[in-house]
Number of protein chains: 2
Amino acid sequence: MKIVVDAMGTDDHPAPDVAGAVLAAQAFDETMILVGARSKIQQELDKHDTTGLSIEIVHADDSITMADKPHEVLRGKPQSSMHVGIQLVKNGEADAFVTCGNTGAALAVSMFQLKRIAGVKRPAITAVGELGGHLITVVDVGANTDTRIEWLQQFAMMGNLYSERVLGVKNPRVGLLSNGTEDTKGDVLVREAHPVFETMSFKFAGNVEPKDLFTGNVDVIVTDGYVGNIMLKTYEGTMSALGNILRRELQSDWRSKLGALLLRPYLRKTIRLMDPTQYGGAPLLGVNGVVIIAHGGSTAEVIKNAIGQAKRAVEADVINIIKDGLTTNTAGEGEA
Amino acid sequence: MKIVVDAMGTDDHPAPDVAGAVLAAQAFDETMILVGARSKIQQELDKHDTTGLSIEIVHADDSITMADKPHEVLRGKPQSSMHVGIQLVKNGEADAFVTCGNTGAALAVSMFQLKRIAGVKRPAITAVGELGGHLITVVDVGANTDTRIEWLQQFAMMGNLYSERVLGVKNPRVGLLSNGTEDTKGDVLVREAHPVFETMSFKFAGNVEPKDLFTGNVDVIVTDGYVGNIMLKTYEGTMSALGNILRRELQSDWRSKLGALLLRPYLRKTIRLMDPTQYGGAPLLGVNGVVIIAHGGSTAEVIKNAIGQAKRAVEADVINIIKDGLTTNTAGEGEA
């Protein structure tokens, strides 16, 4: 298996990206293709012992920044590491693409080059992580706004298949994100989707609330991408604000510093249990190729995990599973 | 001033509710009217020294539970403490109503008895709190779903007036909740509201993200009630999950227990800085009377703060301010 890693993805690229690929090559014994500025990548690679590892470099002249607008990079940066890397997947020269770069751009370039899986109305950014010890899949967290019910049905179907076949969750419980658990709760989309979800082939657990990210009550949470994105960003914003205040408080005097020293391993474990990014990356479901997007601030370890997720997705043959799932689960093939 | 306190509101009623009213009577030197089961209230009151305080009891036969459906209590429990208490405000026998009970029921009973302020299309539950040292007002956090742009305009106007005139924020900066700060971000409601907000009389700060709950970049965040509710519940769910894990970790062995002992004041301060409920209650803006809703798990101190907020709202004459604001800010008076 060959996995393309965008070497120009993270905020501190290419160091963490290259280090992550090296870790992954060691851990998974697969070929890594690093895409980006060849000389910079080589310079980073030289810092690692790559003896016996299968790591290739494919040069790309350009790279996409976090400030780039997704619709501008499509034709504006045709030689970006994302374009070149995803093209390798499209051409069958590689099996998956992993990036820590601009999410909107990764979505746009993936859609432009790989297209959708036949029958998929909309791709979905699928947050996958372990929270409080439970594996949770949330779909969609930002690819779409103003979601239609047929799209939401497909998100549910794709999320269910991903949870079961890639993550190995047995008979996943699929919940519909709402502002209350009663059947009548929700905005108009959720209220209309509820009875439709009752008729679908997955195990529908009814409406769930944001706290179910952490409770383990469900394995998959389905939501409009706008609402899912607000949920994700509220979670991230809360954790970040809390972390800032706590760090400041723990540095205030000798007593707090001593306490912090004693508690370091326990605080680390707490953060790990609350940090879904450790699991590594968000699959972009619905495009015709395995694409995994991870945070711009990812460490080498997180990137290794994202590459691990790409490997599992390829091994599970997720593209064909979704293709088959769509054929058996939904009737319509029309464009939305 | 007379403030009605629902004695049957909290999960542990009437103890915290009564204790909160006693604290408020001491702190604010105003008359408190406790509404609910007279004998139970009297029994609680007897535990406090109420010498020199002005505290009355008004009996109500019934009370509303958290499990009650808002539409069922309207006529199903006409003798509930909410009905009786809000009726006192309607009759002019009291100036404000404060409850820690069922939010949906409080909204329904308020709307049923007090009606809307003339011209208000929809009431809004307005979360008010201090987060990371900044006063923040979020409107709407749950009264409405499938919000129309005219409602959202009024939420912004009411939130702005509340922040300025009741909370004392000078020239509040009003942000529109979105999934990104760019003008083009948002769902269809937000994208359409953005240019309209540019033309309104408040200080529009553009699109903001959930993290701006904590940054102090804006003073008021305006959102559809469904999305606002998801944001609020994600915040609460994250804090709760984190607290659960942290409490468990800090009890794991002698080292963690010692560290926790040392860090107790710093952790308490951190939690206080992250806990908007300390500020006390969410005003229900747009109904024709001052109604403040607080958490079912509120402590006496939080209830005292909620009563303090009711007092400030009455003193600021918030109902007439909103009435005047509507006349000058919006043209339409029609029902939505």
Handout entry: Min side-chain heavy-atom separation A/Leu267-B/Leu246 under 4.5 Å
Key = yes
Exercise for the section: State whether the side chain of A/Lys211 and the backbone N or O of B/Lys233 hold a donor-acceptor pair below 3.5 Å, judged by distance alone. Expected result: no
Handout entry: Atom group of A/Lys185 that falls short of 4.5 Å from chain B, counting heavy atoms
Key = neither
Practice task
With a 4.5 angstrom heavy-atom cut-off, could you sort out which part of A/Leu250 is near chain B: side chain, backbone, both or neither?
Solution key: side chain
Problem - Any side-chain heavy-atom pair of B/Tyr226 and A/Val227 under 4.5 Å - result: yes
Practice task
Kindly say whether B/Asn229 contributes a backbone atom to a donor-acceptor pair with the side chain of A/Asn179 at under 3.5 angstrom?
Solution key: no
Practice task
Mind running side chain to side chain contact (heavy atoms under 4.5 Å, CB included) on B/Thr238 and A/Phe214 for me, showing each step along the way?
Solution key: CA-CA 8 Å; B/Thr238 303; A/Phe214 311 100; 3.6 Å; yes
Handout entry: Heavy-atom closest pair, residues B/Glu249 and A/Tyr266
Key = O-CD2, 3.6 Å
Problem - Part of A/Glu236 within contact of chain B (heavy atom distance under 4.5 Å) - result: neither
Problem - B/Arg268 atom CZ, over 12 foreign heavy atoms within 6.0 Å - result: no
Completion exercise
When the 4.5 angstrom heavy-atom criterion is applied to A/Asp253 and chain B, the contacting part is side chain
Problem - Interchain contact, A/Ser256 with chain B, by part (heavy-atom threshold 4.5 Å) - result: both
Practice task
Evaluate the side-chain proximity of A/Leu242 to B/Met239: yes if any heavy-atom separation is below 4.5 Å, no if none is.
Solution key: yes
Handout entry: A/Pro265 side chain near B/Arg255 side chain, heavy-atom distance below 4.5 Å
Key = yes
Problem - Segment of A/Ser252 engaging chain B (4.5 angstrom heavy-atom cut-off) - result: side chain
Handout entry: B/Lys269 and A/Ile245: CA distance, side-chain angles, deciding distance, side chain to side chain contact (heavy atoms under 4.5 Å, CB included) verdict
Key = CA-CA 9 Å; B/Lys269 188 173 169 199; A/Ile245 294 174; over 6 Å; no
Handout entry: Best-contacting candidate, A/Thr270, A/Thr145, A/Asp187, against chain B by heavy atom pairs under 4.5 angstrom
Key = A/Asp187
